[in-house]
There are 2 protein chains.
Amino acid sequence: MDLMPAPDSPSAAPHGTTLPAEDPLALEAQVCFALVVAARSVLGIYRPILEPMGLTHPQYLVMLALWQQAPLSVKDLSSLLQLDPGTLSPLLKRLESAGLVTRERSTSDERLLSVNLTAKGVELRNEAAKIPAEVVAKLGMPLTEIKQVHTALLQVIAAAGQA
Amino acid sequence: MDLMPAPDSPSAAPHGTTLPAEDPLALEAQVCFALVVAARSVLGIYRPILEPMGLTHPQYLVMLALWQQAPLSVKDLSSLLQLDPGTLSPLLKRLESAGLVTRERSTSDERLLSVNLTAKGVELRNEAAKIPAEVVAKLGMPLTEIKQVHTALLQVIAAAGQA
DNA sequence: CACCAATGATTGGTGCACAAACCATTGGTA
DNA sequence: TACCAATGGTTTGTGCACCAATCATTGGTG
């Protein structure tokens with residue numbers, strides 16, 4: 001038996017859908033909770049797809065950035081991916097030891113680290129090409145809705161960027 | 001100077017808005033990227049608000065769950081928050097040493113851990129009451145749009161739950 | 001009653017994520 | 001030219017997040 005009355009009866013909610021959300025501190029009322037859970041859920045879809053390629057999702061994002069444009073400095077990647085340099089530093093070392101990227105100081109400015117793709121790294125793009133469609137298929141949501149979510153999220157990012 | 005041509009000219013994009021997204025591997029085309037960045041951005045809004053209360057966002061979510069209903073077992077929290085028990089276990093110990101919750105085995109079933117609020121934990125709810133409004137204000141997005149994002153995210157969660 | 005598969009939680013390992021401290025290089029400027 | 005603030009990365013420390021392995025308790029079943 002369970003420890004508590006019943007997880008699905010906050011007080012007198014009519015049904016599964018959260019209509020009134022009278023309590024601002026109710027878990028179902030938290031947009032950020034939905035945001036975090038959605039992110040984790042979708043990452044969970046990527047995981048088994050990326051794992052055979054030897055990539056985590058953050059690493060995949062770095063590769064996407066480099067496939068679009070290389071070389072890039074840590075600072076470039078940091079601003080493109082909105083990630084802390086302190087996060088990228090070890091991540092890039094792992095990509096290097098996986099043989100996907102090279103890390104060398106820029107000759108013109110020794111402060112900059114020039115991150116570039118290896119042949120193997122370039123090659124991997126062919127395999128990655130099928131990922132987006134695979135994820136969309138697994139998610140099983142109509143493309144129009146996905147697009148809507150995307151633009152909505154961009155608004156959230158823009159709004160949060162102001163604050 | 002920079003290492004690369006220019007971060008803002010993938011090839012011939014008209015302007016800031018991403019219209020065609022011809023390349024499925026383009027960073028701007030990745031919904032999951034937007035999802036992850038949005039989540040991180042909004043968490044960044046919560047951080048300075050929660051920090052003076054001594055809470056991280058995951059800890060805040062656990063408190064929200066307990067304020068709605070207590071006691072809860074680790075399993076209950078795990079299913080409510082969609083979090084691994086292995087993640088919750090040390091998190092709950094930190095909440096315990098912060099004096100906000102108690103952790104004791106259930107008397108009826110020694111396998112279950114009964115997580116309950118302390119007086120201090122109950123008390124904290126008063127302070128937390130102002131958080132949602134504060135976050136919404138900082139985000140500066142109209143409430144209707146926020147609601148829309150919320151329902152859209154619930155759809156994503158539901159879709160990802162199938163897969 | 002004695003075993004045993006299932007359940008619930010903890011532990012250990014890897015990899016983000018962020019903040020703060022630190023370090024090297026650079027490009028002014030006194 | 002000799003200093004010095006700014007810039008770009010790395011390191012360290014804390015806290016998720018997930019997985020796999022482990023362990024104790026429980027509730028059947030032979």
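In what follows, chains carry the letters A, B, and so on, assigned in the order in which the sequence lines appear, proteins first and then strands, with residues in each chain numbered from 1. These numbers come from a predicted model, not from an experiment.
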Side chain of B:Arg47 - closest among D:dT10, D:dC18, C:dA19:
C:dA19

Can you tell me the pairing partner of C:dA5 across any strand shown, Watson-Crick or G-U wobble, with both distances under 3.5 angstrom?
D:dT26

Considering every strand and a 4.0 Å limit on heavy-atom distances, what is the contact class for B:Leu88: base, sugar-phosphate, or nothing?
nothing

Is the backbone N or O of B:Pro142 less than 3.5 Å from a side-chain atom of B:Glu145, with the two atoms forming a donor-acceptor pair by type?
no

For B:Pro24, does its backbone N or O pair with a side-chain atom of B:Gln30 as donor and acceptor, under 3.5 Å?
yes

Rounded to whole angstrom units, what separation is found between the CG atom of A:Leu81 and the C1' atom of C:dA17?
13 Å

Give one of base, sugar-phosphate or nothing for A:Leu83, where a contact means two heavy atoms less than 4.0 Å apart.
sugar-phosphate

Scan B:Thr56 against the nucleic acid and name what it touches under 4.0 Å (heavy atoms): base, sugar-phosphate only, or nothing.
sugar-phosphate

What nucleotide among C:dC18, D:dG9, C:dA9 has an atom nearest to a side-chain atom of A:Ser73?
D:dG9

With the side chain of B:Arg40 defined as its heavy atoms from C-beta on, choose the nearest nucleotide among D:dC18, C:dC18, D:dT25.
C:dC18

Ignoring hydrogens and angles, tell me if any N or O in the side chain of A:Ser97 forms a donor-acceptor pair with the backbone of A:Lys93 under 3.5 Å.
yes

Is the phosphate of D:dA17 approached by B:Gln82 (side-chain N or O, under 4.0 Å from OP1 or OP2)?
no

A:Leu43 CG to C:dG15 C1': how many Å, rounded?
13 Å

Taking OP1 and OP2 of C:dT10, is either one under 4.0 Å from a side-chain nitrogen or oxygen of B:Lys75?
no

Under 4.0 Å between any heavy atoms, over every strand shown, what does A:Leu91 touch: base, sugar-phosphate, or nothing? Just pick one.
sugar-phosphate

Tell me: CG of B:Leu113 to P of D:dT26, nearest whole Å?
14 Å

Would you indicate, yes or no, if D:dT11 has its OP1 or OP2 atom less than 4.0 angstrom from a side-chain nitrogen or oxygen of A:Lys93?
yes

Would you please confirm or rule out a distance under 4.0 Å between OP1 or OP2 of D:dT10 and any side-chain N or O of A:Ser89?
yes

Nearest-angstrom distance from the residue atom CD of B:Gln59 to P of C:dA17
19 Å

Tell me which of A:Arg111 and A:Gly86 sits closer to the 5' end of DNA chain C, going by the nucleotide each one is nearest to.
A:Gly86

Honestly curious: do B:Val156 and A:Val36 fall in one hydrophobic cluster under the side-chain, below-4.5 Å linking rule?
no

Of the listed C:dT26, C:dT10, D:dG8, the closest approach to the A:Asp109 side chain comes from C:dT26

Nucleotide C:dT14, atom C1' - distance to CG of A:Leu55 in whole Å:
15 Å

Using whole Å, what does the distance between atom P of nucleotide C:dT14 and atom CG of A:Leu50 come to?
20 Å

Ring pair (Phe, Tyr, Trp, His ring centres under 6.0 Å) with B:His150: which residues, sequence neighbours excluded?
none

Which part of the nucleic acid, if any, lies within contact of A:Pro58, taking any heavy atom under 4.0 Å across all strands shown: a base, the sugar-phosphate backbone alone, or nothing?
sugar-phosphate

Let me know the distance between CZ of A:Arg105 and C1' of C:dA24, rounded to the nearest Å.
8 Å

For residues 110-126 of chain B, the salt bridge (charged side-chain N to carboxylate O under 4.0 Å, His left out) pairs (sequence neighbours left out) are A:Asp23-B:Arg125, B:Asp109-B:Arg111

Calculate the interatomic distance between B:Asp84 atom CG and C:dG12 atom C1'; express it in whole Å.
13 Å

Looking at D:dG9, D:dC16, C:dT25, which one has an atom nearest to any side-chain atom of A:Glu110?
C:dT25

